[in-house]
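Heads up: the structure comes next, in structure tokens.
In what follows, every chain begins at residue 1, and chains take the letters A, B, ... in the order their sequences are listed.
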Number of protein chains: 2
Amino acid sequence: MAVTEPHTEPHVDTREALLDAAEKLFSEHGIQASSLRMITQQAGANLAAVHYHFGSKEGLVRAVFARRLRPLEEERLRLLVACDEAGEAGVEQVLAAFVAPLLRRVRETPEGGQDFARLMGLAFMEPSEELRSMLLEEFRTTADRFIAGLHERLPHLSRQEMIWRFHFSAGAMAHVVSCSQMVERFSAGLCKCGDHESLLRYLVVFLASGLKAPATMGAELQGEPA
Amino acid sequence: MAVTEPHTEPHVDTREALLDAAEKLFSEHGIQASSLRMITQQAGANLAAVHYHFGSKEGLVRAVFARRLRPLEEERLRLLVACDEAGEAGVEQVLAAFVAPLLRRVRETPEGGQDFARLMGLAFMEPSEELRSMLLEEFRTTADRFIAGLHERLPHLSRQEMIWRFHFSAGAMAHVVSCSQMVERFSAGLCKCGDHESLLRYLVVFLASGLKAPATMGAELQGEPA
DNA sequence: CTACGATTCAAACGTTTGTTTGAAACGGAC
DNA sequence: GTCCGTTTCAAACAAACGTTTGAATCGTAG
């Protein structure tokens with residue numbers, strides 16, 4: 001009926017073409033710097049199409065992030081549940097459940113993966129408070145569950161230090177993914193960001209070792225027994 | 001005739017007032033979203049003052065970052081040299097030389113430290129290629145020296161893995177510093193970002209453990225002997 | 001065919017942007 | 001006092017922004 005489906009047409013849907021174009025331009029120039037005229041031109045659509053399909057530029061922005069973020073968080077949680085059900089999963093497996101879904105999407109993004117990666121990095125840096133709140137709420141469930149899952153396997157840590165170490169891990173991952181071009185430039189091409197399998201292994205080994213480190217002594221003595 | 005502002009002291013230097021206002025507004029709303037009219041009004045200066053003192057908005061942006069970044073990199077390198085001269089300094093001391101100067105500046109920023117922290121996070125995410133190149137060059141020297149300094153103390157790592165682990169560390173630090181408000185919200189106030197002494201200890205312990213981890217096996221076999 | 005909802009289109013809306021201008025005001029040197 | 005380089009000021013510039021509008025176009029059902 002209304003669903004005119006899967007033919008190899010150039011762009012079956014203006015809506016989808018706008019999302020693709022916006023995602024690409026956002027990652028290249030930032031959100032504010034990507035005008036609706038640039039986006040609609042890239043999408044081969046009319047300027048007014050954005051307001052017809054999304055109501056406003058803000059609506060487009062939210063749709064761009066929601067399209068990518070929701071499946072990502074769902075896959076992370078699915079893999080985390082699989083860890084718990086397996087019973088034998090250690091810190092490394094939980095870490096992989098957190099990192100791998102992101103890296104896989106970076107790899108699968110058509111334009112070399114740069115677009116999606118930089119987009120995620122942009123998410124928490126852009127000015128719009130409305131967007132930031134949406135992303136924080138979206139991310140909060142994931143963060144809480146992974147912190148709990150890691151804490152079960154790292155009972156020697158205080159809750160406070162567990163939370164800190166999780167955010168250290170998330171930061172390392174986010175930085176590598178969104179600034180991978182910097183790594184390549186600094187290493188004179190020695191570190192190939194396209195090799196996501198190696199990168200995943202490197203990252204998990206590094207983070208697991210950091211997470212497993214003995215509890216920090218001398219900090220927050222007032223709350224922690226010696 | 002001096003226009004006596006109600007609360008702001010008569011700025012001895014318009015130039016400095018513009019830098020302060022720009023830094024504050026950049027960190028709050030991003031670079032693109034901070035118009036010259038907002039900046040000059042906040043600084044109590046005329047709209048044209050930006051072009052008189054900095055030539056353009058781009059010039060102002062570069063000046064804002066250069067003012068903070070150069071002393072930061074200099075202090076980092078100074079502390080790194082001190083590590084080498086001491087002879088006894090381990091991975092933890094080198095890490096502290098990298099992290100502490102940034103944390104100290106975050107703490108010393110008047111507006112609760114948020115401004116400077118978010119500004120640094122914004123640096124690598126904003127669209128301007130010109131600014132990004134400037135920051136990359138500024139950061140390259142520091143990165144190379146710290147990678148070398150760490151590699152001396154971690155000879156079991158390949159150069160490739162050493163570089164990766166350094167960027168993991170830089171990412172964890174950058175994320176914590178620029179997204180500290182997120183950590184506080186997620187931890188329901190349990191993790192106080194204002195407590196930089198504890199944070200520094202937590203971070204160094206975590207990163208040192210990650211850096212010291214045994215070399216990753218199975219990755220890049222073609223380049224590394226088993 | 002006509003008719004209708006869904007979608008696209010070109011053109012314009014008012015606002016805001018970075019930048020430019022030329023004159024006014026300043027502060028020492030002479 | 002006059003002079004001169006430095007700095008500030010109000011006003012205007014063209015360009016670009018997000019948004020709105022009303023008519024044109026499409027695909028399909030009656």
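As a whole-Å value, the separation of A:Asn46 CG from C:dC9 P is 5 Å.
Annotation: salt bridge (Lys or Arg N to Asp or Glu O under 4.0 Å) contacts involving residues 57-66 of chain A, sequence neighbours excluded, comprise A:Arg62-A:Glu130. Evaluation of the side-chain hydrogen bond (donor to acceptor under 3.5 Å, both in side chains) test over residues 40-56 of chain A, restricted to residues two or more places apart or in two chains, returns none.
Shown here are the salt bridge (Lys or Arg N to Asp or Glu O under 4.0 Å) partners of A:Arg67, two or more places apart in sequence or in another chain: A:Glu16, A:Asp20, A:Glu23. Judged as a side-chain hydrogen bond (donor to acceptor under 3.5 Å, both in side chains), and not counting sequence neighbours, the contacts of A:Glu92 are A:Lys212. Contacts of B:Glu74 classified as side-chain hydrogen bond (donor to acceptor under 3.5 Å, both in side chains), with partners at least two apart in sequence or in another chain: none. Residues satisfying the side chain to side chain contact (heavy atoms under 4.5 Å, CB included) test with A:Val94, not counting sequence neighbours, are A:Leu80, A:Cys83, A:Phe146, A:Leu150, A:Arg153. By the side chain to side chain contact (heavy atoms under 4.5 Å, CB included) test, A:Leu79 is found to be paired with A:Glu75, A:Ala97, A:Pro101, residues two or more places apart in sequence or in another chain being considered.
Rounded to 10 degrees, the angle separating the terminal axes of the helix from C:dC1-D:dG30 to C:dC30-D:dG1 is 20°, with each axis obtained from five end pairs.
Within residues 52-67 of chain B, the residues having any heavy atom under 4.0 Å from DNA chain D are, by residue number, B:Tyr52, B:His53.
Taking the nucleotide of DNA chain C with the nearest heavy atom to each of A:Arg37 and A:Ala48, the more 5' of the two is matched to A:Ala48.
Screening B:Phe166, B:Phe168, B:Trp164 against A:Phe206 for a ring pair (Phe, Tyr, Trp, His ring centres under 6.0 Å) leaves a single residue, B:Phe168.
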